[in-house]
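Let me begin by handing over the structure; questions about it come next.
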Amino acid sequence: YICKAGLGDVLLGAAATMADYNGVAKASHVKDKLVELAYMNENIAGTALSASYQSHREPAGNWGPNSMHANVCKHNVTRFPYLAAAIAQDL
């Protein structure tokens, strides 16, 4: 799931470049939207890393992620890319 954060970073860069080219990069509502894009990307990356970092060893010897953090990440991955696209289109 962490690859979605990388894709979001590309979208964030494109949105920031569009705002700069259009001369609206300094507007407060544009900055707020760019910050929201960055927040969504970091949220996905953070929960994915947290699920891995807090993994546990199963009796069979394999490792399992933290279930709560993995499910939060999965939920955010299903929502945030579409919200990010809507924010980028709005800019």
Side-chain angles (χ1 to χ4, degrees):
Y1 292 130
I2 202 161
C3 63
K4 292 291 184 182
L7 183 62
D9 286 339
V10 172
L11 184 63
L12 173 59
T17 302
M18 286 188 312
D20 192 38
Y21 284 172
N22 289 324
V24 295
K26 303 273 188 212
S28 64
H29 69 284
V30 172
K31 288 181 183 179
D32 288 344
K33 290 179 184 194
L34 294 175
V35 167
E36 184 69 17
L37 287 173
Y39 161 75
M40 290 189 286
N41 291 338
E42 293 304 319
N43 187 297
I44 290 172
T47 54
L49 289 173
S50 175
S52 299
Y53 180 74
Q54 295 184 4
S55 62
H56 57 278
R57 190 175 186 131
E58 301 285 346
N62 58 322
W63 288 83
N66 177 294
S67 298
M68 176 62 76
H69 294 183
N71 281 315
V72 168
C73 182
K74 180 173 63 173
H75 176 74
N76 289 340
V77 163
T78 62
R79 293 179 54 235
F80 286 171
Y82 301 103
L83 294 174
I87 290 171
Q89 288 175 3
D90 191 35
L91 290 174

* Asked: Atom CE of Met40 and atom CG of Leu83: how far apart are they, to the nearest 0.5 Å?
  ->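 The CE atom of Met40 sits 5.5 Å away from the CG atom of Leu83.
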* **Nearest atoms (heavy-atom pairs only) where Gln54 meets His69** => OE1-CE1, 3.3 Å
* Can you hop from Val24 to Val35 via hydrophobic side chains spaced under 4.5 Å? -> no
* Asked: Could you give the distance from CD1 (Ile44) to CD (Glu42), rounded to the nearest 0.5 Å?
  ->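 Here the rounded value is 10.0 Å.
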* Structure fact -> Taking every heavy atom of Asn41 against every heavy atom of Ala5, the minimum-distance pair comes out as O-CB, 3.5 Å
* To do: Could you state whether Phe80 and Val77 fall into the same hydrophobic cluster, counting links through intermediate Ile, Leu, Val, Met, Phe, Trp or Tyr residues with side-chain heavy atoms under 4.5 angstrom apart?
  =>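 Per the 4.5 Å side-chain linkage, Phe80 and Val77 are co-clustered.
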Which donor-acceptor pairs under 3.5 Å do side chains of residues 12-23 form with protein atoms, sequence neighbours excluded?
from  : atom 1 : to    : atom 2 : distance (Å)
Thr17 : OG1    : Gly13 : O      : 2.8
Asn22 : ND2    : Met18 : O      : 3.1

* To do: Find out whether Leu7 and Cys3 are in side-chain contact, i.e. whether some heavy atom of one side chain is under 4.5 Å from a heavy atom of the other.
  =>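 They are not in side-chain contact.
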* Nearest non-hydrogen partners of Ala51 and Ala70, listed with the distance -> CB-N, 3.6 Å
* **Minimal non-hydrogen separation, Lys4 against Pro81, with atom names** => CD-CG, 4.4 Å
* Treat each ILVMFWY residue as a node, draw an edge where side-chain heavy atoms are under 4.5 Å apart, and state whether Val30 and Tyr39 are in one component. => yes
* Are any non-hydrogen side-chain atoms of Leu34 and Leu91 less than 4.5 angstrom apart? ->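 In short, these two side chains touch, coming nearer than 4.5 Å.
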* Asked: Rounded to the nearest 0.5 Å, how far apart are NZ of Lys74 and OG of Ser67?
  ->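 These two atoms lie 9.5 Å from each other.
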